Structures are given as structure tokens and as C-alpha cells.
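See below for the structure under consideration.
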Amino acid sequence: MNIYDEKVLTRVFDSVTDPFAIYDREFRILKVNKALMDLFQMDEEQLVGNLCYKIFYQRSAICDDCHVQEVFRTGEPRMLEKRVPVPDGGERFFEVYSYPIKDNDKLVVQAVEHGREITERKRAEEKLRESEEKYRSLVDHIGIGVSLISPNMEILTLNKQMEEWFPQIDPKKRPLCYRSFNDPPREGICVYCPTIRTLQDGKVHEAITDTPAGNEIKKYRIISSPIKDTEGKIVAAIESVEDITERQSLASQLLASREFSEEIINSITDSLTVVDPKTYRILQANETFHSRVGLEPSKAV
């Protein structure tokens, strides 16, 4: 059997489950296989001799992204993902590969187009993209910072709040978190880092940071949680970040104010107490009072 015999080649062509077509330089269809005829629900007589863009893409002129045209122009193979309308009124997606048929390795006289269906993959990608957009919108409006950190401590994603706090960071470059979140950058992982512990043991960890930010120190409350794949392997950590700098400052001021007040009260030589007017419970007393009544502070109040 001669494998180059036209009948043999036709049988091979028809046995391929992906749709195939051969075009001339005017984009007329010269040959099709059974898979392509089944896809468009047309027989060979209806297809051969017609212009490919009219039949396959329902257009009156060559497609703007026509890669077969590029094959004829350059003599090099091309691949493109295309949305193809089908007779049932729907659309299907294909990876379309085009190869040149050359005359003496110089002039491209024909082109072979081969489509591999990827409809299910494209639908899954679209659903994933819709899901990502929905959750991205949610994460961007929850009022706290959210970052995704890789096992190598690279920043993978930042939500809107984190982008406002750290506008200089570009997650596309996968920068190291301990260098990017600190100004000046740290040379190593922060000693209090909860994320490195999460990445190591797969548990939720929390910490209050001392983050250098130029001439000041910012304090963030970070809760790190693991993200695992279907086999339970840790693939990333998600950080929820809250700026508590102002809150910590107010707490420190309040504590200092209270300690100062207690110092003044204790310096008074007379007994002094603060009493709840409703319950008559002693809320606060100075050291003179404690010594005169003979009670320790915890028992007097």
C-alpha cells in the first residue's frame, strides 16, 4: 500500500477526530475531513470551492485576525484561539493551527487548518474569571487589607486597601513581602511573621507588626490562614491586615494618662477614694487609704 496514494491519505484524513481543511491562496476550501463536515452539518460538495471565512465564520470578508493569511505571507505556522459559530445557533471554541504547504520550500501554495476543540476549557475559564471578578469585588470592599503570599514569601495579589497602603508594590513582579512592605526594606523575614508559621504548619496565626514606614512605625494586625490544594498541600497563605497604628497610639496615651493620674493621687497624704454613686462600690483608692484601712488594693476595690 502506497501511503502517499490519494485514497489512503483521504482515509487517514477522515479518521482524524479533529476538523481539518485545506485552503488555496484565495482562501477557497480545497479539501475537508469528515469531522469538519459533521461540525458544520454540511457535505463535501457544499464546502469545497467556497470561501472559508463565509462558510466557517459567516463573514463577508477575511477575518481581521486571520492567521491563514499570515501563513501565506510568512510561510510560518500559526495558532490562534477562535470562537466558531455552529449550525445549532451556538458557539464553540477551538485552538486553530495553520500550516503551510510549500512548493520547493519557497512559495506557499496551500495551507492546512486544523482545529482542536477547547469549548469546555474556555467555559471553565470564563466561569473562573467571573468567580474571580465577583470575589475580587467583594475583597476590595471589605474595609481591611488582603494579600496572597506564596510559599517563597512572594506577594501574589493585593486587594484595593493594600494597594492604597502600598502603592509602590507590583504583584505581577512577585516581590518578596518582607522587602516590599517595609521602608527601608528588610533583608530577612520579620521575626514576628505569622505567615511563615502558617506556611510551615498549615495553621492560622496572628501577630502585631512593627512595620518601618519612612520616619514612622506602622502597626498592623495580621491574621494568616493557609490555602491548600485538593491533596492538602499548602500552596499559599492569605493575610487579612488591619491598620491599628492609631488605636495603639491612643491606648498608649490613655495608659500613660492613667499612670500619671495614679501618681498624683498616690502623692496625696489624705485618704482618697472614687465611689460608684449607685452601688457605693469603691472604684479607685490611693495608697494612703489602703494603708489606713489595712487592705490590699485588690481587696479594697
Side-chain angles (χ1 to χ4, degrees), residues 125 128-265 284:
E125 288 175 355
L128 178 60
R129 184 165 54 252
E130 290 172 0
S131 176
E132 287 177 343
E133 288 173 355
K134 179 176 69 174
Y135 285 105
R136 176 78 189 191
S137 177
L138 174 64
V139 169
D140 275 345
H141 292 87
I142 60 176
I144 63 171
V146 178
S147 59
L148 191 65
I149 308 297
S150 80
N152 295 323
M153 304 303 290
E154 300 164 321
I155 301 170
L156 303 177
T157 306
L158 298 175
N159 77 335
K160 187 176 180 180
Q161 180 63 78
M162 291 293 282
E163 289 172 351
E164 290 177 2
W165 286 337
F166 303 97
Q168 77 281 5
I169 296 177
D170 182 2
K172 292 179 181 178
K173 296 180 180 180
R174 298 172 70 100
L176 293 171
C177 64
Y178 52 84
R179 292 192 59 80
S180 302
F181 288 141
N182 296 280
D183 179 23
R186 294 185 189 272
E187 293 302 318
I189 296 170
C190 307
V191 293
Y192 49 72
C193 179
T195 301
I196 189 66
R197 287 185 284 161
T198 293
L199 290 168
Q200 289 170 347
D201 64 18
K203 298 179 180 179
V204 176
H205 291 280
E206 178 179 346
I208 304 295
T209 77
D210 287 313
T211 302
N215 296 325
E216 62 176 329
I217 296 293
K218 302 287 286 185
K219 288 189 176 289
Y220 296 100
R221 176 173 177 257
I222 300 179
I223 300 175
S224 293
S225 306
I227 296 178
K228 301 179 181 180
D229 62 17
T230 55
E231 297 178 353
K233 180 182 177 182
I234 301 169
V235 294
I238 188 165
E239 297 179 336
S240 60
V241 185
E242 183 183 4
D243 185 349
I244 60 169
T245 307
E246 185 175 349
R247 187 192 311 168
Q248 289 285 92
S249 176
L250 289 172
S252 297
Q253 292 175 29
L254 180 60
L255 180 60
S257 174
R258 180 176 179 181
E259 289 174 348
F260 180 69
S261 299
E262 289 180 352
E263 184 177 344
I264 294 175
I265 291 172
Q284 190 174 356

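The shown structure was predicted, so the numbers you read here are calculated from the model rather than taken from an experiment.
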Hey, mind stepping through Val241 and Val146 against side-chain contact (heavy atoms from CB on, under 4.5 Å) and telling me if it holds? CA-CA 6 Å; Val241 185; Val146 178; over 6 Å; no
Assess, by modelled atom type and distance only, whether the side chains of Ser150 and Asn152 contain a donor and an acceptor separated by less than 3.5 Å. no
[X] versus [Y]: any side-chain heavy-atom pair under 4.5 Å?
X	Y	value
Val204	Pro226	yes
Ile217	Thr211	no
Leu156	Pro171	no
Ile169	Pro175	yes

Residue pairs involving residues 183-217 (criterion ring pair (Phe, Tyr, Trp, His ring centres under 6.0 Å); sequence neighbours excluded): none
Can you name the nearest heavy-atom pair linking [X] to [Y], along with the distance?
X	Y	answer
Leu148	Ala236	CD1-CB, 4.0 Å
Leu199	Met153	CD1-SD, 3.6 Å
Cys193	Ile189	CB-CG2, 3.9 Å

Pairwise distance [atom1]([X]) to [atom2]([Y]) - rounded to 0.5 angstrom:
X	Y	atom1	atom2	value
Asp243	Lys218	CG	NZ	4.0 Å
Ile149	Leu158	CD1	CG	7.5 Å
Asp183	Phe166	CG	CZ	10.0 Å
Ser147	Asn159	OG	CG	8.0 Å

Suppose we screen for salt bridge (Lys or Arg N to Asp or Glu O under 4.0 Å). Which residues come up paired with Glu206, at least two apart in sequence or across chains? Arg221
Given side-chain contact (heavy atoms from CB on, under 4.5 Å), test Tyr220 with Glu239 step by step and report yes or no. CA-CA 11 Å; Tyr220 296 100; Glu239 297 179 336; over 6 Å; no
Do any pairs count as a side chain to side chain donor-acceptor pair (under 3.5 Å) and have a residue in residues 161-174, sequence neighbours left out, and if so which ones? Arg136-Glu163, Glu154-Arg174
Short question: side chain of Thr198, backbone of Ser224 - any donor-acceptor pair under 3.5 Å? yes
Checking Asn182 against Cys190 for the side-chain contact (heavy atoms from CB on, under 4.5 Å) test, could you report, in this order, the C-alpha distance in whole Å, the side-chain angles of both residues, the deciding distance, and whether it holds? CA-CA 10 Å; Asn182 296 280; Cys190 307; 4.0 Å; yes
Among Asp210, Thr209, Thr245, which residue meets the side-chain hydrogen bond (donor to acceptor under 3.5 Å, both in side chains) test with Lys219? Asp210
Derivation of the side-chain contact (heavy atoms from CB on, under 4.5 Å) call for Phe181 and Met162: CA-CA 10 Å; Phe181 288 141; Met162 291 293 282; 3.8 Å; yes
